[in-house]
Amino acid sequence: MGAVATEIVGRIGLIGFDSPPVNAAGHALRMAIVEAMAAMAAEPGVEAIGLYGKGRAFIAGADITEFGKPPRDPWLPEVCNVIEASAKPVVAVLHGAALGGGLEVAISAHARIAVPGVAVGFPEVTLGVIPGAGGTQRGPRLTGIPKAIGLITTGRRIGADEALEMGLVDRIADGDPRELALHWAEAALTGELPTRRTGGIAVTPDDAALDAAEAQLRETQGHLFAPHKCVEAIRACTGPLPEGLAIERAGFNACIESPQRAGLIHAFFAERAVQKIPEAGATARDITKIGVIGAGTMGSGIASAFLLAGYPVTMVERAQDALDRGISTVGKNLDGAVKRGRMAQETRDALPLTATTEMGDLSGCDLVIEAVFEDFEVKREVLSAMEDACPGAILATNTSYLDVNALAQTLKRPEEFIGLHFFSPAHVMKLLEVVVGDRTAPEVTATAFKLGKRLGKIAVRSGVCDGFIGNRVMNHYRKAADHLVLDGASPQEIDAAMRGFGFAMGPFEVSDLAGLDIGWATRKRHAATRHPDERYSTVADTMCENGWLGRKTGRGWYLYEGGSGPNPEVAPLIEAERVRHGIAPRSFTAEEIVERYMTAMISEASRVVEEGIALRPIDVDAVFLFGYGFPRWRGGPMHHADTLGAAEIVATIERLAGDDPQFWQVPSILARMAETGGTFAEMNREE
Ligand code: 3H9
């Protein structure tokens, strides 16, 4: 019974879940609970039972590493039934996290106490499944159908107060979970804490709420599998419990088989896997004060991100008017954060922001990041001044493309230099690429990761190359999109096809949002080294020359002022470019568009893995999931590649190479995988 600690204190039997780090309900814990419940039932001196979690959680949920493997008895639903059926009253004390299967265990008990700070909820849909141990049946019995729908179909996590209000818990009490379990199990015996079996509670039918939820989900989440199964299962909660549980079980099993479940669970682990870096053992420095150089959109966004995380920030800009604009941008960013509940108004009012035109004011900062114009010489000069003004500080560059090793060579302290690539808007976007140079000290990398965590970002380690992980791969598949346009597809067809695949926006819509000048600058930088055989479309360059930079200028690929829809002046440019290339345009199906786009993405991402720019394939997945709007339920480009299989991808590249051998080349890693039947998932496990 290693997974639980049992003891008898007076007339109370205590069962403490003990399966670190978060008491996931894996096979060992499930077995141990059932055995402990039987032992407590058989113990004549025990009159009531207290359940609690040791360590940092009650139970974080089912053990999701077991999903997709053959189930092992006892299943969690059985554990819950055993608890509910207990003849002796059972009280559960919820602390840390009582999520998914954890909450299902709790609502099978006869009364619940929530410790302040606990996270309660049914996050199953975010993992592509539905609550499978009674959540859809016992949940609505406690909260009523409408509230259960809200909780279960969104996966929203709530705190103790809301859980009490909803009826999921009976009391809120602060203290040590074991002590509370002892106290409240006793209270159940004295009558101070009423107890009842959740399964015995009658639910008021509410077909209108269920129909409305179904209709809304069809409209907003038609592409997802699990949320619809949740409503189906909740619908069954008005009948006898065993029948409802059987319907829930069928829905859960269908979800387990769905590829969306595999994609979403991969995304869950991606978020955590990226933290496992070779420098994890190095001692991270304490960072207490941040310097930001540059008060443009990026600099202000970065300053806002640090302020939101509670760091005092000194923001430096050369000219007072630019500094004033930066201060105003930070203000707007943080007002937005207050509105969204991410920052308290009092914190906003007492903002620890120093804005200055003096580099000397940076002294005392432990980390200074420059976010000036993306130009090697400009950055080199600023970094050199930074290095002199801030002895002892970590020096960071926020660059999207520049060679971090070459910049390091110009510094006296290259070991204290690192790339921190924020994504715009920097105070909102989750992704942070940590670009580790050849000479970056391990403690500096470890510090960057610690900082990333405090900022609430997903930090991903990248090696040095043009564009690092994300932009390098993006440049490649963006070219595939331009080639598709040359060959006959319209930008709107491509956008629609990629939205159909699951991206929130298509590539041309994204260009309009980001500003076409960004891609323009990259293309200019690459012009000198461009392969002579590369099929190059000048359409976007001409658009930039015309001043059509996207949303910010009112027109780009689409119109934003004086009308809407496609910019009518783009089609003639495309037509002229096709004539220049001697291309007779043809039509493309959405499947063909997706195939080319995704094959280009997977090809370059494979090279990034092969060259060691990304530590593992899963790191590439994290970059695209958290920085480029890749549909989470598809798990990321490398996970998606595994679902296609290397042999099929290689065959596609070889077929496409018939028309354009310069662009379509089989990465050697994929060729090897195709031969051996290898997968990217295996490489993730090797680390
Ligand atoms: C479910 O319950 C289905 C049932 O309805 C039906 C059953 C029939 N399983 O996040 P952290 C690992 S679905 C396995 O860094 P924190 C995690 O990977 C489940 N492993 O800690 C990490 O491992 P490593 C519904 C899990 O303090 C380590 O634990 N439940 C699980 O920042 C620490 O995790 C959920 O969706 C798991 N369920 O956050 C809750 N959970 O050290 C998922 C965590 O090797 N979990 N691990 O990287 C969470 O949201 C957070 O982990 C939690 C703690 C808030 C609990």
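Whatever order the structure lists them in is the order used to number ligands and atoms, beginning at 1.
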Numbering as shown, the atoms of ligand 1 that approach E104 to under 4.0 Å (heavy-atom distance): 4 (C), 5 (O), 6 (C)
Protein contact of atom 7 (C) of ligand 1 - nearest heavy atom, named by residue and atom, plus distance: A62 CB, 3.7 Å
Atom 32 (O) of ligand 1: any protein heavy atom closer than 4.0 Å: no
Sub-4.0 Å atoms of ligand 1 with respect to non-hydrogen atoms of L127: 13 (S), 19 (C), 36 (O)
Heavy-atom proximity to atom 17 (C) of ligand 1, best of K276, R272, Q275, E66: R272
Nitrogen or oxygen atoms of A133 and ligand 1 under 3.5 Å apart: no
Any non-hydrogen protein atom less than 4.0 Å away from atom 48 (O) of ligand 1: yes
Per-atom contacts of ligand 1 with G101, taking only distances under 4.0 Å to non-hydrogen atoms: 1 (C), 2 (O), 4 (C), 5 (O)
Numbering as shown, the atoms of ligand 1 that approach P131 to under 4.0 Å (heavy-atom distance): 5 (O)
Identity and distance of the protein heavy atom lying nearest atom 6 (C) of ligand 1: G132 N, 3.4 Å
Electrostatic pair R156-E162, nearest N-O below 4.0 angstrom: yes
Pair Y628 + F423: ring centers closer than 6.0 Å: yes
Among L451, I369, I418, side chain to side chain contact (heavy atoms under 4.5 Å, CB included) partner for I394: I418
Contact atoms of ligand 1, heavy-atom distance to P123 under 4.0 Å: 25 (C), 30 (N), 35 (C), 36 (O)
Side-chain ion pair, K147 and D206, N-O less than 4.0 Å: no
Ligand 1 N/O within reach of P77 N/O, cut-off under 3.5 Å: no
Interfacing atoms of ligand 1 (cut-off 4.0 Å, heavy-atom, D63): 9 (N), 14 (C)
Atom 44 (C) of ligand 1 - nearest protein heavy atom and its distance: V22 CG2, 3.5 Å
Heavy atom of V129, distance to ligand 1 below 4.0 Å: no
Min heavy-atom dist F252 to ligand 1 below 4.0 Å: yes
Atom 28 (C) of ligand 1 [closest protein heavy-atom partner, distance rounded to 0.1 Å]: P21 CG, 3.6 Å
Check: Y311 ring centre within less than 6.0 Å of F306 ring centre: yes
L615 CG to S462 OG distance, which is reported to the nearest 0.5 Å: 9.0 Å
Ligand 1 atoms in contact with A24 (distance to a heavy atom under 4.0 Å): 9 (N), 37 (C)
Main-chain N/O of A309 paired to R454 side chain as donor or acceptor, under 3.5 Å: yes
Pair F503 + F630: ring centers closer than 6.0 Å: yes
Any W75 heavy atom less than 4.0 Å from ligand 1: no
Any donor-acceptor N/O pair, R112 side chain to A106 backbone, under 3.5 Å: yes
Protein residue, atom and distance nearest to atom 55 (C) of ligand 1, heavy-atom basis: R157 NH1, 3.7 Å
Closest protein heavy atom (residue, atom, distance) for atom 9 (N) of ligand 1: I64 N, 3.0 Å
Centroid-centroid distance, H640 to F501, less than 6.0 Å: yes
Q216 atom CD, neighbour heavy-atom count above 12 within 6.0 Å: no
Residue G61 vicinity, atoms of ligand 1 by number, heavy atom under 4.0 Å: 2 (O), 30 (N)
L51 to F58 - nearest heavy-atom pair and separation: O-CE1, 4.0 Å
Close N or O approach (E124, ligand 1; < 3.5 Å): yes
Identity and distance of the protein heavy atom lying nearest atom 16 (P) of ligand 1: R56 NH2, 3.6 Å
Ionic contact status for R30 with E66, cut-off 4.0 Å: yes
Contact partition for R30 relative to ligand 1, non-hydrogen atoms under 4.0 Å: neither
Pick from P20, A60, A97: the one approaching atom 30 (N) of ligand 1 most closely through a non-hydrogen atom: A60
Carboxylate-amine/guanidinium contact E214 R235, below 4.0 Å: yes
Carboxylate-amine/guanidinium contact R285 E443, below 4.0 Å: yes
Protein residue, atom and distance nearest to atom 46 (N) of ligand 1, heavy-atom basis: F268 CZ, 3.7 Å
Over 12 foreign heavy atoms within 6.0 Å of NZ, K453: no
